[in-house]
Protein chains: 2
Amino acid sequence: MKDLNLLFKEKNLKLTPQRYAIYKYLKSTKNHPSAESIYEELKEDYPTMSLATVYKTLKTLIELNLVQELNVGEDNFRFDANVDSHPHIFCLSCGRVDDVEGVNFTFLNKEIENYTDYSVDTHQLYFYGLCPKCKERGRK
Amino acid sequence: MKDLNLLFKEKNLKLTPQRYAIYKYLKSTKNHPSAESIYEELKEDYPTMSLATVYKTLKTLIELNLVQELNVGEDNFRFDANVDSHPHIFCLSCGRVDDVEGVNFTFLNKEIENYTDYSVDTHQLYFYGLCPKCKERGRK
DNA sequence: ATGAGTGCAAAGGATTTGCATCGAC
DNA sequence: GTCGATGCAAATCCTTTGCACTCAT
């Protein structure tokens, strides 16, 4: 994460402790947390940080293409510091969100241009089902 | 739409003029409107209808599996009376949402089970790009 | 007639904004 | 020291809820 500093400098942005902490946390987790969750998580180490700062920072990180925004159909957004194109899967029972690893559907962007008059840049692919724990629980 | 009546009757629900109008409008449009848009559209013919009724009706229609909810990454939801699984495409410039017709990715639900420990029921696939009009405008 | 549905207004939750203060450069 | 960033509170937007009244059955 040495180059973070450079990237921020280039854009005349300041790499504040808050911004660094939020990015570092997002890089470290696979939970796809909401803004609120990030706030709760960092509250302990950064007790003065406000929720507004979390939102503002996330907006900044998205503009820098360091973070992507997800919307699985909940009433809020979730955030992912893995900006490579990859599908997500949502547990209809417990609300957990995971990455689907080992697949790449980037080719779909070109493919789909045969079926529409749009030009296509990106896509989001969300699967819905039951996570291992909830499958198990349902089987009882 | 004769069977609507039956379907509602089975569930002990009333097919009120408001509910009928909202469903009929959704069936008739390809615009994937938001609740607000539906409300605005029907205001002329149903001047006493409230936005709360639109929301409540949409919830009911979703439970009946007559309508599906979309979230393209905007701050609100959109609604589609085509409940067959099909991708949507969002214009990054004007915000228009269209169906992608002629493709079916239902097979992905099974496929993806090889890459995750979840069981998979459904998916949503959203493409992002430029609609024909916005492509044209950008070319000037 | 009766219980579900409507419409209104108020509440709720997520996110944004304005502004005085703070702190990274 | 400067200007962008923070933190707080208020504001905004979307959606839901409570409740008295209405109306489809």
Side-chain angles (χ1 to χ4, degrees), chain A residues 1 4-23 32-64 66-79 95 97, chain B residues 1 4-23 32-64 66-79 95 97:
Chain A
M1 291 197 210
L4 257 197
N5 233 310
L6 285 167
L7 181 57
F8 274 75
K9 207 162 281 178
E10 276 174 18
K11 309 273 177 174
N12 275 321
L13 297 171
K14 289 174 185 169
L15 186 47
T16 61
Q18 293 88 335
R19 285 175 170 178
Y20 184 70
I22 290 168
Y23 182 62
H32 308 86
S34 64
E36 183 75 36
S37 305
I38 296 168
Y39 173 65
E40 291 300 331
E41 181 67 29
L42 297 179
K43 204 183 234 174
E44 202 183 317
D45 287 342
Y46 298 83
T48 71
M49 185 164 59
S50 77
L51 185 53
T53 297
V54 175
Y55 277 107
K56 287 170 184 167
T57 295
L58 288 168
K59 206 172 195 175
T60 304
L61 293 173
I62 289 166
E63 277 162 12
L64 292 172
L66 292 170
V67 163
Q68 69 169 316
E69 206 174 42
L70 306 180
N71 196 309
V72 176
E74 297 166 305
D75 45 3
N76 55 39
F77 287 89
R78 287 167 175 262
F79 300 89
V97 174
Chain B
M1 291 195 208
L4 257 198
N5 233 311
L6 285 167
L7 180 57
F8 274 74
K9 207 162 282 178
E10 277 173 16
K11 309 271 179 177
N12 275 323
L13 296 171
K14 291 176 185 168
L15 184 48
T16 62
Q18 293 89 333
R19 286 173 169 180
Y20 184 70
I22 290 168
Y23 183 62
H32 308 86
S34 64
E36 183 76 35
S37 305
I38 296 169
Y39 173 65
E40 290 300 330
E41 181 67 29
L42 296 180
K43 204 182 233 174
E44 202 183 316
D45 287 343
Y46 298 82
T48 71
M49 186 165 60
S50 78
L51 184 53
T53 296
V54 175
Y55 277 107
K56 287 170 184 168
T57 295
L58 287 168
K59 207 172 194 174
T60 303
L61 293 173
I62 288 166
E63 277 162 11
L64 292 172
L66 291 170
V67 163
Q68 67 169 316
E69 206 174 43
L70 306 180
N71 196 311
V72 176
E74 297 167 305
D75 45 4
N76 55 39
F77 288 89
R78 289 168 174 262
F79 300 89
V97 174

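Below, chains carry the letters A, B, ... as their sequence lines are ordered, and counting in each starts from 1.
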**Student:** Roughly how far apart are A:Asn76 CG and A:Leu70 CG, rounded to 0.5 Å?
**Tutor:**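 These two atoms lie 11.0 Å from each other.
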**Student:** How long is the line joining CG of A:Leu6 and P of C:dC25, in whole Å?
**Tutor:** 12 Å
**Student:** Let me know the distance between CG of A:Leu64 and C1' of D:dG4, rounded to the nearest Å.
**Tutor:**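 Nearest whole value for this atom pair: 14 Å.
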**Student:** In whole angstrom, give the distance that lies between atom CG of B:Leu58 and atom P of D:dC14.
**Tutor:** 15 Å
**Student:** Shortest non-hydrogen contact from B:Leu51 to B:Ala35?
**Tutor:** CD1-O, 4.0 Å
**Student:** Can you check each nucleotide of nucleotides 4-14 of chain C against protein heavy atoms at under 4.0 Å and return B for base, S for sugar-phosphate only, - for none, in 5' to 3' order?
**Tutor:** BSBBBB----S
**Student:** Round to the nearest Å and state the distance from A:Glu74 atom CD to D:dT15 atom C1'.
**Tutor:** 15 Å
**Student:** Quick check for you: to the nearest 0.5 Å, what is the distance between A:Phe8 atom CZ and A:Leu66 atom CG?
**Tutor:** 6.0 Å
**Student:** For A:Val54 versus A:Ile22, what's the shortest heavy-atom pair and its separation?
**Tutor:** CA-CD1, 3.8 Å
**Student:** Just by distance, with hydrogens left out, do B:Ser37 and B:Ser34 show a side-chain donor and acceptor under 3.5 Å apart?
**Tutor:** yes
**Student:** Could you check how far CG of A:Leu51 sits from C1' of D:dA11, rounded to whole Å?
**Tutor:**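 Distance, rounded to whole Å: 15 Å.
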**Student:** Using whole Å, report how far CD of A:Glu10 lies from C1' of C:dC25.
**Tutor:**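 Between C1' of C:dC25 and CD of A:Glu10: 16 Å.
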**Student:** What is the distance, rounded to the nearest whole Å, between atom CG of B:Leu4 and atom C1' of D:dA24?
**Tutor:**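 Value for this atom pair: 15 Å.
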**Student:** Round to a whole Å and report the spacing from CG of B:Leu15 to P of D:dC23.
**Tutor:**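 It works out to 16 Å between those atoms.
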**Student:** What's the spacing between B:Ile38 CD1 and B:Arg78 CZ if we round to 0.5 Å?
**Tutor:** 10.5 Å
